[in-house]
Enquirer: 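For reference, the structure I am asking about is given below.
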Amino acid sequence: MPKMKTNRGAAKRFKATAGGFKRKQSHLRHLLTKKNSKRKRQLGSPSYVHARDAASVARMLPYA
């Protein structure tokens with residue numbers, strides 16, 4: 001059986017932890033002047049992949 005390939009786009013976006021897959025939130029790259037400080041601060045904190053999507057992320061990262 002050949003080795004499975006890791007999806008390189010997913011490898012750059014997700015990190016496997018004990019609690020699931022950690023991900024970064026969107027909407028923090030540009031147009032920041034109209035967003036208030038609370039919103040930007042909360043977008044900066046990492047969040048986790050939803051339980052329904054965790055299986056597809058795990059398929060993309062077979063060795064994580």
Side-chain angles (χ1 to χ4, degrees):
M1 201 64 195
K3 291 184 187 177
M4 291 177 69
K5 283 194 174 183
T6 298
N7 184 311
R8 298 313 294 166
K12 294 167 192 173
R13 287 174 173 86
F14 305 110
K15 184 178 190 329
T17 62
F21 290 98
K22 194 166 66 168
R23 67 172 176 86
K24 188 156 172 26
Q25 294 192 46
S26 59
H27 305 293
L28 199 61
R29 291 291 185 190
H30 60 95
L31 300 176
L32 298 175
T33 53
K34 65 171 77 170
K35 296 170 186 149
N36 59 24
S37 300
K38 178 184 177 182
R39 183 174 166 195
K40 289 186 279 194
R41 187 171 59 249
Q42 288 177 342
L43 285 172
S45 62
S47 59
Y48 286 89
V49 172
H50 194 273
R52 289 181 181 170
D53 299 322
S56 61
V57 174
R59 253 195 320 274
M60 290 189 274
L61 303 172
Y63 301 107

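Worth knowing before you read on, the calculation uses all heavy atoms, side chains too, and leaves out hydrogens, waters and symmetry mates.
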Enquirer: Cluster partners of V49, using ILVMFWY side-chain heavy atoms under 4.5 angstrom, listed by chain and number?
Expert: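 Joined to V49, directly or through intermediates: F14, F21, V57, M60, L61.
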Enquirer: Excluding sequence neighbours, so at least two apart, what forms side-chain hydrogen bond (donor to acceptor under 3.5 Å, both in side chains) with T17?
Expert: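 In terms of side-chain hydrogen bond (donor to acceptor under 3.5 Å, both in side chains), with neighbours along the sequence ignored, T17 is linked to no residue.
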Enquirer: Holding to side-chain contact (heavy atoms from CB on, under 4.5 Å), I want the full list of residues that pass it with R59, two or more places apart in sequence or in another chain.
Expert: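 R59: side-chain contact (heavy atoms from CB on, under 4.5 Å) contacts with S56.
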Enquirer: If you count heavy atoms of other groups shown closer than 6.0 angstrom to NZ of K22, is the number above 12?
Expert: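 Incorrect, the count does not exceed 12.
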Enquirer: What side-chain donor-acceptor pairs closer than 3.5 Å can you find for residues 3-13, not counting sequence neighbours?
Expert:
residue : atom : partner : partner atom : Å
N7      : OD1  : G9      : N            : 3.0
N7      : OD1  : A10     : N            : 3.1
R13     : NH1  : G9      : O            : 3.0

Enquirer: Who clusters with L28? Use side-chain heavy atoms, under 4.5 angstrom, across I, L, V, M, F, W and Y, and order the result by chain and number.
Expert: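 Grouped by the 4.5 Å side-chain rule, L32, L43 form the rest of the cluster around L28.
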Enquirer: Which pairs with one or both residues in residues 26-37 pass side-chain hydrogen bond (donor to acceptor under 3.5 Å, both in side chains), sequence neighbours excluded?
Expert: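 Non-adjacent pairs meeting side-chain hydrogen bond (donor to acceptor under 3.5 Å, both in side chains): zero.
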Enquirer: List, by chain and number, the other hydrophobic cluster members for L31, where Ile, Leu, Val, Met, Phe, Trp and Tyr join if side-chain heavy atoms come within less than 4.5 Å, directly or indirectly.
Expert: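 Via sub-4.5 Å side-chain contacts, L31 links to none.
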Enquirer: Enumerate the side-chain hydrogen bond (donor to acceptor under 3.5 Å, both in side chains) contacts for residues 42-52, please, sequence neighbours excluded, ordered by first and then second residue.
Expert: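 Listed by first then second residue: R23-S47.
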